[in-house]
Amino acid sequence: MSIDRELLSRPALQVAPVLLGATLVSSIGGAEVAVRITEVEAYEGTADPASHAFRGPTRRNAVMFGEAGRLYCYFIYGMHWCANITCALPGTAAAVLLRAAQIEDGEPVAQARTPNPLSRAKLASGPARLARVLGLAGEHTGLDLLDAGSPVRLTELGAPADYRTGPRVGITAAAEHPWRFWLPDEPSVSSYRPGGRKRVAATRQTGAP
DNA sequence: TTGTCGATTGAG
DNA sequence: TCAATCGACAAT
């Protein structure tokens, strides 16, 4: 089943479940790695406080405001890259964060890109691990995933499948929305972690009696 | 120009 | 529970 851009040009909330089970192939570095997406999160742009596009266009998030089906990679915590697929129509920022996948092909390459040995199921479990095994970094932002000549491409969708939803991982803003989507019974799905510490007021308790 | 914080991971 | 580690962005 091929993927057309129109399908991805919908709001992130509609695109996210469609990407579950889809195949993503990277031939970056001359080595091919193929994965099957098992977990994603929707980010709805200027209306979503947790989105990088919430405060409007910047150099970093510019690709989110363009056409759907492009790669958006961002650097986080001083050491990790995470990958998104842009969606919605041009002018409207939205993207789907790729949180986890199952390695379908190229496991030796994936292992070679991983500092410490991990089981096959955990190699791409978590957004930074997923980007790592595919060799993705900032320089790949903007790649057209629907272009057969691209080093990273979405090749096919999975069959429509049952899925689960829940809160997004690791965010503090708009944490109440169940905008995380995953396939049940998939060992590659990452474990849930609540968002980081909220700003602590000057009156915080110290524990002293 | 400076300071704060983050769509994470791995070790203790 | 916490450190690693640096780019983006808001506040000077």
Side-chain angles (χ1 to χ4, degrees), chain A residues 11-13 15-17 19-20 24 35 37-65 70-88 93-101 103 110-142 164-182 187-202 204-207:
Chain A
L13 276 171
V15 174
L19 290 175
L20 291 175
L24 191 59
V35 303
I37 298 169
T38 58
E39 179 189 356
V40 299
E41 283 177 359
Y43 286 86
E44 288 290 15
T46 53
D48 179 4
S51 171
H52 288 170
F54 180 57
R55 292 175 175 80
T58 65
R59 189 164 68 170
R60 178 176 68 157
N61 66 26
V63 70
M64 287 179 69
F65 289 82
R70 300 276 179 163
L71 192 63
Y72 167 44
C73 295
Y74 66 88
F75 191 56
I76 188 71
Y77 295 117
M79 63 191 85
H80 300 300
W81 289 96
C82 295
N84 294 250
I85 296 176
T86 64
C87 44
V96 172
L97 171 69
L98 305 178
R99 283 202 59 89
I103 308 290
Q111 285 285 5
R113 288 173 171 159
T114 305
N116 302 310
L118 289 173
S119 68
R120 184 185 180 101
K122 295 300 177 191
L123 274 174
S125 178
R129 286 175 174 175
L130 173 49
R132 188 174 63 189
V133 299
L134 293 177
L136 300 177
E139 66 203 271
H140 303 114
T141 286
R164 303 283 181 271
T165 68
R168 291 177 290 184
V169 177
I171 57 169
T172 56
E176 70 279 9
H177 296 123
W179 290 353
R180 176 184 179 221
F181 303 74
W182 69 92
S188 60
V189 172
S190 68
S191 55
Y192 177 74
R193 287 196 194 193
R197 46 190 69 69
K198 288 179 178 171
R199 205 191 313 283
V200 180
R204 82 181 155 82
Q205 300 295 320
T206 62

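Chain letters run A, B, ... following the sequence lines, proteins first, then strands; residues in each count from 1. Values below: every heavy atom of this structure, side chains too, minus hydrogens, waters and symmetry copies.
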**Q** Could you check A:Leu136, A:Ile37, A:Leu134 and say which one makes a side-chain contact (heavy atoms from CB on, under 4.5 Å) with A:Leu98?
**A**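 One option only clears the test, and that one is A:Ile37.
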
**Q** Counting any heavy atom closer than 4.0 Å, what does A:Arg132 reach on the DNA or RNA strands: base, sugar-phosphate only, or nothing?
**A**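 Result for A:Arg132 = sugar-phosphate.
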
**Q** Can you give me the closest heavy-atom contact between A:Met64 and A:Ala53, atom names plus distance?
**A**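 It is CE-CB, 3.9 Å.
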
**Q** Shortest non-hydrogen contact from A:Gln111 to A:Leu118?
**A**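 Here A:Gln111 and A:Leu118 meet closest at NE2-O, 2.7 Å.
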
**Q** Rounding to a whole Å, what distance do you find between A:Arg168:CZ and B:dT8:P?
**A**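 Going from CZ in A:Arg168 over to P in B:dT8 covers 11 Å.
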
**Q** Taking the side chain of A:Phe75 as heavy atoms from C-beta outward, which of C:dC6, B:dA7, C:dC2 is closest to it?
**A**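 For A:Phe75, the side-chain atoms sit closest to C:dC6.
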
**Q** Heavy atoms only, 4.0 Å cut-off, all strands: where does A:Ile171 land among base, sugar-phosphate and nothing?
**A**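 Counting heavy atoms under 4.0 Å across all strands, the contact made by A:Ile171 is with sugar-phosphate only.
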
**Q** Rounded to whole angstrom units, what separation is found between the OH atom of A:Tyr192 and the P atom of B:dT9?
**A**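 Atom-to-atom, A:Tyr192 to B:dT9, this comes out as 15 Å.
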
**Q** What class does the angle between the rings of A:Trp81 and A:Phe75 fall in, given that below 30° is parallel, 30 to 60° is tilted and above 60° is perpendicular?
**A**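 Correct class here is tilted.
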
**Q** So A:Ala128, base contact, sugar-phosphate only, or nothing? Heavy-atom distance under 4.0 Å.
**A**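 A:Ala128: backbone/sugar contact only, no base atoms under 4.0 Å.
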
**Q** Using purine N1 to pyrimidine N3 plus N6-O4 or O6-N4 for Watson-Crick, or N1-O2 and O6-N3 for G-U wobble, each under 3.5 Å, what pairs with C:dT5?
**A**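 Pairing partner: none.
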
**Q** Indicate, with a heavy-atom threshold strictly under 4.0 Å, whether A:Tyr77 touches base, sugar-phosphate, or nothing.
**A**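 Here A:Tyr77 touches the bases of the nucleic acid.
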
**Q** Please state how far atom CG in A:Leu118 lies from atom C1' in B:dT9, giving the value in whole angstrom units.
**A**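 Checked: the CG to C1' distance equals 10 Å.
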
**Q** Show the nearest heavy-atom pair for residues A:Val169 and A:Tyr192, with the distance to one decimal.
**A**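 Residues A:Val169 and A:Tyr192, closest heavy atoms: CG2-CD1, 3.8 Å.
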
**Q** For the side chain of A:Arg193, counting heavy atoms from C-beta on, which of B:dA7, B:dG10, C:dT5 is nearest?
**A**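 That would be B:dG10.
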
**Q** Could you tell me the Watson-Crick or G-U partner of B:dA7, where both distances fall under 3.5 Å? Say none if there is no partner.
**A**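 Its partner: none found.
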
**Q** Any protein N or O atoms within reach of nucleotides 9-12 of chain C? Criterion: under 3.5 Å, listing atom names and distances.
**A**
from: C:dC9; atom 1: OP1; to: A:Thr58; atom 2: OG1; distance (Å): 2.7

**Q** Considering every strand and a 4.0 Å limit on heavy-atom distances, what is the contact class for A:Arg99: base, sugar-phosphate, or nothing?
**A**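 Sugar-phosphate contact only.
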
**Q** Side chain of A:Tyr74: nearest nucleotide among C:dA4, B:dT8, B:dA7?
**A**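 Minimum distance to the A:Tyr74 side chain belongs to B:dA7.
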
**Q** Categorize A:Asn116 for me: base, sugar-phosphate, or nothing, with a 4.0 angstrom heavy-atom threshold over every strand shown.
**A**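 Since only primed, P, OP1 and OP2 atoms lie under 4.0 Å of A:Asn116, the category is sugar-phosphate.
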
**Q** With rounding to the nearest 0.5 angstrom, report the CG to CG distance, A:Leu97 to A:Asn84.
**A**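 Between A:Leu97 CG and A:Asn84 CG, I get 5.0 Å after rounding to 0.5 Å.
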
